[in-house]
Amino acid sequence: MDYESNGWIWEGVYYYPHLFGGLMVTAALLGLSTSYFGVIGVPSLPLPHSWYNLGVFRKKKNVGKRRVRVYMDGCFDLMHYGHANALRQAKALGDELVVGLVSDEEIVANKGPPVLSMDERLALVSGLKWVDEVITDAPYAITENFLNRLFHEYNIDYVIHGDDPCLLPDGTDAYAAAKKAGRYKQIKRTEGVSSTDIVGRIMSSLKEQNNPEDVKPQDECQSKVSHISQFLPTSRRIVQFSNGKGPRPNARIVYIDGAFDLFHAGHVEMLKRARELGDFLLVGIHSDETVSENRGNHYPIMHLHERSLSVLACRYVDEVIIGAPWEITKDMITTFNISLVVHGTVAEKSLPSEKDPYEVPKSIGKFRLLESPKDITTTSVAQRIMANHDAYVQRNAKKVKSEKRYYEERRYVSGD
């Protein structure tokens with residue numbers, strides 16, 4: 001039986017406060033006891049018949065109502081959890097989310113050279129759990145002609161964008177046409193991350209790695225401080241990204257681990273292939289300390305909780321272990337009821353080690369080496385940026401300058 005998702009809650013709280021308070025506490029306790037990591041499972045219980053009679057719950061109305069389709073576009077280059085959170089918010093404003101992926105040519109004309117190709121960006125966007133449809137080669141600016149296509153060809157109801165400015169080279173608003181048509185909605189920008197910031201982290205990391213003799217101790221310390229993540233993780237944000245479901249009884253659980261640094265198309269395709277081997281995909285994400293110890297002091301570029309959210313946003317992932325161990329033990333396999341451990345043929349180079357981290361699953365016949373669908377790695381993505389260092393420096397400076405001018409004009413208009 002389907003029920004309305006809002007309205008009835010507040011009526012229930014108002015008219016039956018004691019009943020509803022008990023209901024909320026019971027629901028919270030049941031939610032905790034049935035979590036994936038819990039020991040005691042509680043079967044789902046039917047609601048007492050009296051609750052239905054009280055009218056606290058009502059049948060959902062307008063079952064046949066047309067689904068609301070929302071549109072959000074972007075370059076989605078160097079895709080990070082901020083992009084994922086924007087698309088999550090956009091999906092919440094409708095029933096179906098259509099994403100417009102700006103073409104390589106449009107990015108070059110308006111921002112500078114993209115880091116990732118169209119195929120790589122398409123794999124990342126279509127791999128997000130909130131995305132229902134992707135339009136490739138979308139324009140950077142939403143013109144009236146393209147807006148009409150969205151309304152009539154794709155049945156779009158609203159165009160969505162963040163509260164950060166998106167300006168054309170001439171300084172005008174890229175979403176002016178959508179706002180004029182009254183079909184524009186705005187979401188909150190995710191603070192603490194940006195593509196500009198990530199490019200800065202990459203260039204700083206590779207500079208220190210390639211020229212360690214030129215880096216003085218005080219410079220290295222200053223570099224690390226300047227590129228510390230400003231992201232503040234909360235349990236609420238992790239829940240927003242999670243599926244919230246554990247494996248079914250007797251489910252075949254597949255486990256794959258890694259750093260998943262600078263989450264890219266190679267990661268998405270590998271997770272997809274791993275998920276196809278079972279019913280539930282559990283992903284282990286190594287801690288920052290573990291990555292540094294085994295890959296070098298200049299890694300990871302993205303920090304643990306940033307990497308965790310990027311992985312959780314992927315539609316092929318069911319659950320993650322935040323801070324997974326480097327070596328997979330028998331106890332770990334038993335605790336999580338792992339049926340198969342997989343690893344790709346393409347991976348970042350690790351520092352020499354005497355012990356194979358997959359020794360245990362190999363010894364008990366629960367390991368499989370999978371052919372990686374793509375040869376892209378975190379290092380290869382970083383090297384693309386360094387190869388076009390000057391172009392990306394100019395691109396970042398151009399963005400900072402245009403945003404500064406935008407905010408100055410807004411302050412002038414508002415009189416602040």
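Heavy atoms only: backbone and side chains are in, while hydrogens, waters and symmetry mates are out.
The shortest heavy-atom contact between Arg121 and Cys75 is NH1-O, 2.8 Å. Of all non-hydrogen atoms in His286 and Pro325, the two that sit nearest each other are CE1-O, 3.4 Å. In terms of heavy atoms, Ala84 sits closest to Leu128 at CB-CD2, 4.1 Å. Between Leu271 and Cys314, the closest heavy-atom pair is CD1-SG, 4.1 Å. Closest non-hydrogen pair, Gly296 versus Leu351, comes out as N-CD1, 4.1 Å. The two residues Met79 and Leu87 have their closest heavy-atom pair at CE-CD1, 4.1 Å.
Listed for the Arg384 side chain is a donor-acceptor partner under 3.5 Å among the backbone atoms of Val115. Formation of a donor-acceptor pair under 3.5 Å by the Arg183 side chain with backbone atoms of Ile156 is found in this model. No side-chain donor-acceptor contact under 3.5 Å links Ser339 to the backbone of Val254. No donor-acceptor pair under 3.5 Å is formed between the side chain of Asp157 and the backbone N or O of Val68. Judged by distance alone, with hydrogens and angles left aside, the side-chain atoms of Glu120 form a donor-acceptor pair with the main-chain N or O of Ser117 at under 3.5 Å. Without hydrogens or angle criteria, Thr334 side chain to Lys330 main chain gives a donor-acceptor distance under 3.5 Å. Looking at Ser363, its side chain does come within 3.5 Å of a backbone N or O of Val360 through a donor-acceptor pair. With hydrogens and angles disregarded, a donor-acceptor distance shorter than 3.5 Å links the side chain of Ser242 to the backbone of Ile238. Within the 3.5 Å criterion, the main-chain N or O of Thr379 finds a donor-acceptor partner in the side chain of Glu348. Formation of a donor-acceptor pair under 3.5 Å by the Ser372 side chain with backbone atoms of Asp375 is not found in this model.
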Carefully, step by step, assess Leu370 and Met270 under the rule side chain to side chain contact (heavy atoms under 4.5 Å, CB included).
CA-CA 8 Å; Leu370 294 183; Met270 193 63 195; 3.3 Å; yes
Could you walk me through whether Thr345 and Leu369 pass side chain to side chain contact (heavy atoms under 4.5 Å, CB included), step by step?
CA-CA 7 Å; Thr345 54; Leu369 187 65; 3.9 Å; yes
Go through the steps for Val98 and Val134 under the test side chain to side chain contact (heavy atoms under 4.5 Å, CB included), then give the verdict.
CA-CA 6 Å; Val98 180; Val134 180; over 6 Å; no
Working for side chain to side chain contact (heavy atoms under 4.5 Å, CB included), residues Glu319 and Val283
CA-CA 6 Å; Glu319 182 64 284; Val283 182; over 6 Å; no
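For Glu289 and Arg295, the salt-bridge test fails: no basic side-chain N is under 4.0 Å from an acidic carboxylate O.
The side-chain hydrogen bond (donor to acceptor under 3.5 Å, both in side chains) pairs that include a residue from residues 251-264 are Asp257-Tyr358, His264-His267, where partners are two or more places apart or lie in different chains. Within the structure, salt bridge (charged side-chain N to carboxylate O under 4.0 Å, His left out) pairs that include any residue of residues 263-288 comprise Arg275-Asp318, Asp288-Arg307 (at least two apart or interchain). Among pairs with a residue in residues 78-103, those fulfilling salt bridge (charged side-chain N to carboxylate O under 4.0 Å, His left out) read Arg67-Glu96, Arg69-Glu96, Lys91-Asp132, at least two apart in sequence or across chains.
Between atom CG of residue Asp77 and atom CD1 of residue Ile107 there is a gap of 5.5 Å, rounded to the nearest 0.5 Å. Rounding to the nearest 0.5 angstrom, the gap separating the CZ atom in Arg201 from the CE atom in Met203 is 12.5 Å. Residue Ile256 holds its CD1 atom at 12.0 Å from CD1 of Ile338, rounded to the nearest 0.5 Å. Between the CD1 atom in Ile202 and the CG atom in Leu262 there is a gap of 4.5 Å [rounded to 0.5 Å]. To the nearest 0.5 angstrom, Leu78 atom CG is 6.0 Å from Ile198 atom CD1. If you take CG on Asn155 and OH on Tyr71, they are separated by 14.5 Å, rounding to the nearest 0.5 Å.
Residues Val70 and Lys185 fail the side-chain proximity criterion, which asks for heavy atoms closer than 4.5 Å. Residues Leu101 and Met118 have side chains in contact (heavy-atom distance under 4.5 Å, counting atoms from C-beta outward). No side-chain heavy atom of Arg315 sits under 4.5 Å from any side-chain heavy atom of Trp130. Between Ile187 and Asp163, every side-chain heavy-atom pair lies at or beyond the 4.5 Å cut-off. Between Tyr81 and Arg237, every side-chain heavy-atom pair lies at or beyond the 4.5 Å cut-off. Side chains of Val108 and Pro114 form a contact here, defined as non-hydrogen atoms less than 4.5 Å apart.
Judged as a side-chain hydrogen bond (donor to acceptor under 3.5 Å, both in side chains), and not counting sequence neighbours, the contacts of Lys362 are Asp356. The side-chain hydrogen bond (donor to acceptor under 3.5 Å, both in side chains) test applied to Glu153 returns Arg149, not counting sequence neighbours. Considering only residues two or more places apart in sequence or on other chains, Lys129 meets the side-chain hydrogen bond (donor to acceptor under 3.5 Å, both in side chains) condition with Asn243. Applying the ring-ring contact (aromatic ring centres under 6.0 Å, His included) criterion to His83, with sequence neighbours excluded, gives Phe76, His80. In terms of the side-chain hydrogen bond (donor to acceptor under 3.5 Å, both in side chains) criterion, residue partners of Thr290 (sequence neighbours excluded) are, by chain and number, Ser287. Every residue meeting the salt bridge (Lys or Arg N to Asp or Glu O under 4.0 Å) condition with Lys355, not counting sequence neighbours, appears here in chain and number order: Glu327. In terms of the side chain to side chain contact (heavy atoms under 4.5 Å, CB included) criterion, residue partners of Ser308 (sequence neighbours excluded) are, by chain and number, Ile285, Leu304, Ile322. Remark: Tyr316 pairs with no residue by the ring-ring contact (aromatic ring centres under 6.0 Å, His included) rule, at least two apart or across chains.
With hydrogens and angles left out, the side-chain atoms of Asp73 and Tyr175 include a donor and acceptor closer than 3.5 Å. Side-chain atoms of Thr190 and Asn85 form a donor-acceptor pair, as typed in the model, at a separation below 3.5 Å.
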What side-chain donor-acceptor pairs closer than 3.5 Å can you find for residues 139-148, not counting sequence neighbours?
residue, atom, partner, partner atom, Å
Thr143, OG1, Phe146, N, 3.2
Asn148, ND2, Glu144, O, 3.2

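The side-chain contact (heavy atoms from CB on, under 4.5 Å) test with Phe263 is passed by exactly one of Leu309, Val381, Thr378, Val311: Val311.
For CZ of Phe241, the number of neighbouring non-hydrogen atoms (other residues, nucleotides, ligands) closer than 6.0 Å is greater than 12.
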